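To start, the structure under review is shown below, and the notes come after it.
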Number of protein chains: 2
Amino acid sequence: MGTTQLETVPEPKYWHLKTVLAEALDSEFAVGEILPNERELAARFGVARATLRQALEQLELEGRLQRRRGVGTTVAPPRMGVSVSPLHTWPGAAGDDWEPADCAPGVPPAAVASLLGTEAEEPVHTVRRSRVSGGQPVAAELLYVPEDSVPDLSAIDAPAGPARARAVLRELQRLGLEGEDRAVELGSARAEDAKQLDRLPGAPVLVVTTRYFAFGRTAAVSVATYRADTCRLTFGDSGDVEIHHGQERQAS
Amino acid sequence: MGTTQLETVPEPKYWHLKTVLAEALDSEFAVGEILPNERELAARFGVARATLRQALEQLELEGRLQRRRGVGTTVAPPRMGVSVSPLHTWPGAAGDDWEPADCAPGVPPAAVASLLGTEAEEPVHTVRRSRVSGGQPVAAELLYVPEDSVPDLSAIDAPAGPARARAVLRELQRLGLEGEDRAVELGSARAEDAKQLDRLPGAPVLVVTTRYFAFGRTAAVSVATYRADTCRLTFGDSGDVEIHHGQERQAS
DNA sequence: TAGTGGTCTAGACCACCCT
DNA sequence: GGGTGGTCTAGACCACTAC
């Protein structure tokens, strides 16, 4: 009864390891610095490599580390704030930092079709865009626009590719935007998005689903996947606020 | 040169496994149904248990599965939409679905102190609340309120506990709220939050950081951690939209 | 007490990057 | 070619739940 029981619930090794590493990152490493490789770190801490990797995985999930196959593990800079504020403008409006990449007709996934209220197998304009911030890709987007939302689009304008993407976006601007709403959830990058984001398939992403309303219905749906490791999504004007984990220095 | 190379990039086993399982979930399992245990599934697919677990982990991350130690793996219901719209009201206003749990003075983490603009070691009112939706806990929140934001709070009111939490929230309502902004990022549940969310430490969470402005400065900061596996954060009025992965039936 | 998922080990080989 | 992280194996034991 009088015994001091510090660990009624024994802490998993990888959890403790993560804490130790996190403290080391704050105090002993600079942003961009390369950590010792996994085999050496595991040996140094006296654990199996798999256990060490469990700790590294969590730190990467929290945006503290960046791991690249064939290169090594580096200390990540603080997450960048990426604004996803409702701007009450259509995608593709002047000033947004998305780059149209492609456009082709395609059947949207069932979840999107249900949001659009289209028939199950009905093809819609599918515009792919990518967003770059701070010199690296942060998001990949698929924008689904039913054919009848942009009736004036001349099919002859551009059969496919970036030119057609721009044409669809241009047509959207003509519509009266009545509103929009957003949802954010956790997902994992599909192969296509992963390549666009310079990550491996399955990497954690924040999926932002936006519905655009016009004519009293959903006129377009955007599904944007943001790199969860490097991005902090901001709503409002908190985009330029710095978040500090601890002391931070720049690698020389 | 004329060979058809279907797999220039060989797909990892766990990735393929995940796809197969996801399809099985859509077509052969009902929500709430219990899957065969990991050892049997691994044997059935001819892989090591660790490999199978990698696939299950991703499906859980995507909100398709729910795993509970000592119980089993069940098919998760679609994620519930949880509204985090800017309501332009203080936390604790009538009608919000947060339950005050506790309040004590405490030194906020450095990141929060920097948002509040308080001194490094300055203690602030720290209110803990929890949010329940659909009968289960979805979020845990720590609300940091500097002492001078609620100067009229009589310390004698309640020394600690839920009563004091309510007292702090009550005082907040008196202030003129000038604005708020939010940021969403991925994190992992700390031990404390994990218990509150009925998850293991390290579980993926969506961290919503909200700044409340009054007197031309940041008068309070809220850090809310939402279960990433069960929640879809909604901004706007898309909260009641159904998202379907595929066919869905109810377990009998 | 039996069965589940969670943790951990000590190996092996592979895909990728850089030089 | 040498070094990195990524995948995979076949075990073992532990913590938890339910009966």
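Naming convention: chains lettered A, B, ... in sequence-line order (proteins, then strands); numbering from 1 in each chain. As the structure is a computational prediction, the values presented were derived from the model and not from experiment. As a basis for the values below, the full set of heavy atoms in this structure was taken, side chains included, without hydrogen atoms, waters or symmetry mates.
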* Asked: For the side chain of B:Val71, counting heavy atoms from C-beta on, which of C:dC8, D:dA18, D:dG6 is nearest?
  -> D:dA18
* How are the rings of A:Tyr226 and A:Trp98 set to each other: parallel, tilted or perpendicular (split at 30° and 60°)? -> perpendicular
* Asked: Choosing from C:dC8, D:dT9, C:dT9, which nucleotide comes nearest the side chain of A:Tyr14?
  -> C:dC8
* Counting side-chain heavy atoms from C-beta on, which of C:dC8, D:dG5, D:dA18 comes nearest to A:Thr73? -> D:dG5
* Give a yes or no on whether the backbone of B:Ala183 and the side-chain of A:Arg232 come within a donor-acceptor separation of less than 3.5 Å. => no
* Structure fact -> Side-chain atoms of B:Arg49 come closest, of C:dC8, D:dA12, D:dT9, to D:dA12
* Counting just side-chain N and O atoms, does A:Asn37 come under 4.0 Å of either OP1 or OP2 of D:dG3? -> no
* Stepwise side chain to side chain contact (heavy atoms under 4.5 Å, CB included) check, B:Thr230 with B:Val82 -> CA-CA 10 Å; B:Thr230 57; B:Val82 180; over 6 Å; no
* Asked: For the side chain of A:Ala48, counting heavy atoms from C-beta on, which of D:dG5, C:dT9, D:dT9 is nearest?
  -> C:dT9
* **Closest to the A:Val47 side chain, choosing from D:dC8, D:dG6, C:dT9** => C:dT9
* **Carboxylate-amine/guanidinium contact B:Glu141 B:Arg131, below 4.0 Å** => no
* Structure fact -> Taking D:dT4, C:dG6, C:dC8 as options, the one with an atom nearest any side-chain atom of A:Arg69 is D:dT4
* Asked: What nucleotide among C:dG5, D:dT7, C:dT9 has an atom nearest to a side-chain atom of A:Lys13?
  -> C:dT9
* Asked: To the nearest Å, how far apart are A:Arg39 CZ and D:dG2 P?
  -> 15 Å
* To do: May I ask you to say what A:Leu56 touches in the nucleic acid, namely base, sugar-phosphate or nothing, with a heavy-atom cut-off under 4.0 Å?
  => nothing
